[in-house]
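Read through the structure below, which is laid out as C-alpha cells, and then see the notes.
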Amino acid sequence: MELSTLQELIRATYGTQDRARGVDATFGWFIEEVGELSRAIRREGHDERVVEFTDVLAWLVSLADLCEVDLAAEVVARYGTGCPKCQAAPCVCGVHDPARP
Ligand SMILES: [Zn+2]
C-alpha cells in the first residue's frame, strides 16, 4: 500500500473523530502509542512490536492529516534523494552516527 493511500484510508476511517478531538489531544494519543512502542521494543515479542509499530504509524498519519501535511509527498521531498542533510545514500555526514550524542 502506498503511503498516500494509507493517509486516505486513515482519513476515511478516523478523520471525523480526529477532527472532533483536535490536534493537541490527537498528539497526546500519538505520544501514548510511542510509549507503548517503547515498552514493546524493550520487553515484548515480535507480535506485540508489530501491533505498536502499526499503531504509531496510524496515529502519526492521523496527526499529519489533521495538520494538512501530505506525508507521502513531504517524505519524498525530504528523503527522496537520501539523507536530507548530506543528500547521500548511505548517509556520509554522520547525522545517524551511533556515536553521536
Ligand atoms: Zn547525512
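Counting convention: from 1, in listed order, for ligands and their atoms alike.
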* To do: Could you please compute the angle at the Zn ion (ligand 1) from SG of C86 to SG of C93, rounded to 10°?
  => 110°
* Asked: How wide is the angle at the Zn ion (ligand 1) between SG in C83 and SG in C91, to the nearest 10°?
  ->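 Rounding to the nearest 10 degrees gives 110°.
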* To do: Determine the minimum heavy-atom distance between Q7 and V61, stating which atoms define it.
  => CA-CG1, 3.5 Å
* Whether H96 has an N, O or S atom under 2.8 Å from the Zn ion (ligand 1) -> no
* Given side chains that start at C-beta, do those of V75 and L3 come closer than 4.5 Å, heavy atoms only? -> yes
* Would you mind reporting whether C86 and V95 have side-chain heavy atoms less than 4.5 Å apart? =>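 Counting from C-beta outward, V95 and C86 never come under 4.5 Å.
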* hydrophobic_cluster_shared for I41 and F30, side chain cutoff 4.5 Å -> yes
